[in-house]
Amino acid sequence: MVHYRSADTGGHRVFYREAGEPRSPAVLLLHGFPTSSHMFRELIPLLAGRYHVVAPDLPGFGNTASPPRGRFDYTFDNLALVIGRLVEAIGLSRYALYVFDYGAPVGYRLAVNYPDRITGIISQNGNAYEEGLSDGWAPIRAYWQDASQANREGLRPFLAPETTVWQYTHGVPDPTAVSPDGYSLDNFYLARPGAAELQLDLFGDYKSNVALYPTFQRYFRTHRPPLLAVWGKNDPFFLPQGAEAYRRDIPDAEVRFLDTGHFALETHAAEVGAAMRDFLGRVVR
């Protein structure tokens, strides 16, 4: 059974999904843009028989209640701070990380700050290397270099409903395998008052993640966490080279590619779940 809970983390009411026996090894699932913990709806039941699974909605996403812009700065440092407080509030002392998209820089900040808490990492299209960034980032990079209003306005197409649908279906051999529920819910959240501006703020702040890539890589080299990269190989934003790059710092990292796009769980939840159970069964005690 999946439970739907919220926890107060000091100004944020963080919503999270929880399943499994709390005494079992923990797995923290961190979603990306523009989705929420809803993306894990099929994966959680595949893990909950063996693991204590927690999947929060990041501040500004899904059902997490957070202050508006002006009272809270929507940066990746702050997202990680809030999720770190959630982890402590619900008593996760050690856990494996599943990171996807925005979840990677959030989760890797937690790992860098608390390396002894991390029992393993599953990266599903969660990047930490510059070679993993495609040319699709060009408009966002332009905003990093010149935070003009014109460059900010140029990013609004990333928030359009048709772009969300494209993110879900691009690179998927059979788009009819993608349920409309995920992208429809994401578009509902993106249409809420104030949502667009905070998302543009996060686009601008993503440069802080790229600046931290050497720090993340140093963590990988120093602590050698067991790592599985399971990657939608047709992702238009995070290239397969980003998955292969993990082996540079963690030579025994496991890398698997799936014939799908960015949102691999929409078409390959069973395969990802099986790979995770195999991986976690070997590395997590």
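For the numbers below, each heavy atom of this structure counts, side chains included, while hydrogens, waters and symmetry mates do not. Values in this document were obtained by computation on a predicted structure and should not be read as measured data. Position 1 is the first residue of the sequence; numbering continues from there.
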**Complete:** E42 meets the side chain to side chain contact (heavy atoms under 4.5 Å, CB included) criterion, sequence neighbours left out, with A269
**Prompt:** Is M39 reachable from F33 through a run of I, L, V, M, F, W or Y residues, each pair having side-chain heavy atoms under 4.5 Å apart?
**Reply:** no
**Request:** Write down the atom of A55, the atom of I44, and the distance for their closest heavy-atom approach.
**Result:** CB-CD1, 4.2 Å
**Prompt:** Sequence neighbours excluded, which residues qualify as side chain to side chain contact (heavy atoms under 4.5 Å, CB included) partners of V82?
**Reply:** T9, H12, V14, P59, F72
**Prompt:** So, Y143 versus W137, ring centres under 6.0 angstrom or not?
**Reply:** no
**Residue pairs involving residues 102-112 (criterion salt bridge (charged side-chain N to carboxylate O under 4.0 Å, His left out); sequence neighbours excluded)** = D77-R109
**Request:** Please list, chain by chain and in numerical order, all residues satisfying side chain to side chain contact (heavy atoms under 4.5 Å, CB included) with P214, sequence neighbours excluded.
**Result:** none
**Prompt:** Going only through I, L, V, M, F, W and Y residues with side-chain contacts under 4.5 Å, is there a path from Y102 to L110?
**Reply:** yes
**Minimum heavy-atom distance between V2 and R17, given as atom pair plus value** = CG1-CB, 4.1 Å
**Asked** Does F216 have any ring pair (Phe, Tyr, Trp, His ring centres under 6.0 Å) partners at least two apart in sequence or in another chain, and if so, which?
**Response** Y108
**Message:** So, using salt bridge (Lys or Arg N to Asp or Glu O under 4.0 Å) as the criterion, who are the partners of R41 when residues are at least two apart?
**Reply:** E266
**Request:** Can you tell me which residue pairs pass the side-chain hydrogen bond (donor to acceptor under 3.5 Å, both in side chains) test with a partner in residues 216-226, sequence neighbours excluded?
**Result:** R221-D249
**Fill in**
Besides Y189, the hydrophobic cluster formed by Ile, Leu, Val, Met, Phe, Trp and Tyr side chains linked at under 4.5 Å, directly or via other members, contains L185, F188
**Asked** Among the clusters formed by ILVMFWY side chains lying less than 4.5 Å apart, do V165 and F237 turn up in the same one?
**Response** no
**Prompt:** Is there a chain of hydrophobic side chains (I, L, V, M, F, W, Y, each step under 4.5 Å between heavy atoms) that links L227 to L47?
**Reply:** no
**Request:** Enter the distance from D235:CG to L258:CG here, rounded to the nearest 0.5 Å.
**Result:** 11.5 Å
**Request:** Please assess N125 against D101 for the test side-chain hydrogen bond (donor to acceptor under 3.5 Å, both in side chains), listing each intermediate value before the final yes or no.
**Result:** CA-CA 6 Å; N125 298 71; D101 189 83; over 6 Å; no
**Prompt:** Could you go step by step and tell me if N63 and Y4 meet the side-chain hydrogen bond (donor to acceptor under 3.5 Å, both in side chains) rule?
**Reply:** CA-CA 10 Å; N63 289 294; Y4 305 91; over 6 Å; no
**Asked** For residues N187 and T164, is any side-chain donor paired with an opposing acceptor at under 3.5 Å?
**Response** yes
**Asked** Residues two or more places apart in sequence or in another chain: which of them pass salt bridge (Lys or Arg N to Asp or Glu O under 4.0 Å) with E197?
**Response** R152, R156
**Rounded distance [0.5 Å steps], CE in M276 versus CD1 in I122** = 4.0 Å
**Request:** If the plane angle is over 60° it's perpendicular, under 30° parallel, otherwise tilted; pick one for Y206 and W144.
**Result:** parallel
**Prompt:** Take atom CG in D146; do more than 12 heavy atoms of anything else shown fall under 6.0 Å from it?
**Reply:** yes
**Item:** Residues which pass salt bridge (Lys or Arg N to Asp or Glu O under 4.0 Å) with D278, listed by chain and number, not counting sequence neighbours
**Value:** R256, R282
**Request:** Have a look at V106 and tell me which of N209, V99, I83 forms a side chain to side chain contact (heavy atoms under 4.5 Å, CB included) with it.
**Result:** I83
**Prompt:** Between V210 and L79, is there a shared hydrophobic cluster once you connect ILVMFWY residues whose side-chain heavy atoms come closer than 4.5 Å?
**Reply:** yes
**Message:** Taking salt bridge (Lys or Arg N to Asp or Glu O under 4.0 Å) as the definition, give me every residue that meets it alongside D73, ordered by chain and number, with sequence neighbours left out.
**Reply:** none
**Fill in**
So side-chain hydrogen bond (donor to acceptor under 3.5 Å, both in side chains) across residues 86-98, not counting sequence neighbours, yields E88-R117, Y98-Q124
